[in-house]
Amino acid sequence: LSGETLKARLEIAGRVSTIDLRVDFLRPGGGKRFVATAYLLRTGKKIAVTRIELHNDQNDLIAVGTASYVVA
């Protein structure tokens, strides 16, 4: 999928199902503002894998997650 974004792929596919979702909580979630950032690790013909990081307003890493999806 050279140059194709996950968003473009999802618009074509129309259906996404979660295969696996794992969240590791690293510290208490103190703060007033939180930022979640997702990274696309891999897209195949039918599977997409992402990593998600959650930071608080002091830039402490609160939690990380990985998720695998069927993109059909």
Side-chain angles (χ1 to χ4, degrees):
L1 299 176
S2 62
E4 185 179 25
T5 65
L6 180 59
K7 182 180 177 184
R9 178 87 184 265
L10 293 176
E11 288 172 357
I12 294 168
R15 193 180 99 159
V16 177
S17 298
T18 304
I19 297 172
D20 183 59
L21 176 63
R22 176 189 169 107
V23 178
D24 292 310
F25 299 97
L26 305 174
R27 60 176 42 102
K32 294 182 179 181
R33 184 173 160 256
F34 300 90
V35 176
T37 307
Y39 304 94
L40 185 59
L41 298 178
R42 181 182 186 280
T43 55
K45 291 184 179 183
K46 296 187 181 197
I47 305 292
V49 181
T50 60
R51 174 181 168 86
I52 304 96
E53 296 180 355
L54 181 68
H55 290 86
N56 67 5
D57 50 4
Q58 296 166 339
N59 205 31
D60 295 327
L61 184 59
I62 302 297
V64 295
T66 55
S68 301
Y69 305 95
V70 172
V71 182

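Sequential numbering from 1 along the given sequence is applied to the chain's residues.
Taken to the nearest 0.5 Å, the CD1 atom of I19 stands 10.5 Å off from the OH atom of Y69. The CZ atom of R22 sits 11.0 Å away from the CZ atom of R51 when rounded to the nearest 0.5 Å. Atoms OG and CZ, from S68 and R42 in turn, are 10.0 Å apart once rounded to the nearest 0.5 Å.
Linking ILVMFWY residues whenever their side-chain heavy atoms come closer than 4.5 Å, directly or via other members, leaves I52 and V70 in distinct clusters.
Other cluster members for L54: F34, I62, joined by side-chain heavy-atom distances under 4.5 Å among Ile, Leu, Val, Met, Phe, Trp and Tyr. Grouped with V64 in one hydrophobic cluster are L26, L61, the linkage being side-chain heavy-atom contacts under 4.5 Å among Ile, Leu, Val, Met, Phe, Trp and Tyr residues.
Between N56 and G30, the shortest heavy-atom contact is ND2-O, 2.9 Å. The minimum heavy-atom distance between D57 and G31, with the atom names listed, is OD1-CA, 3.7 Å.
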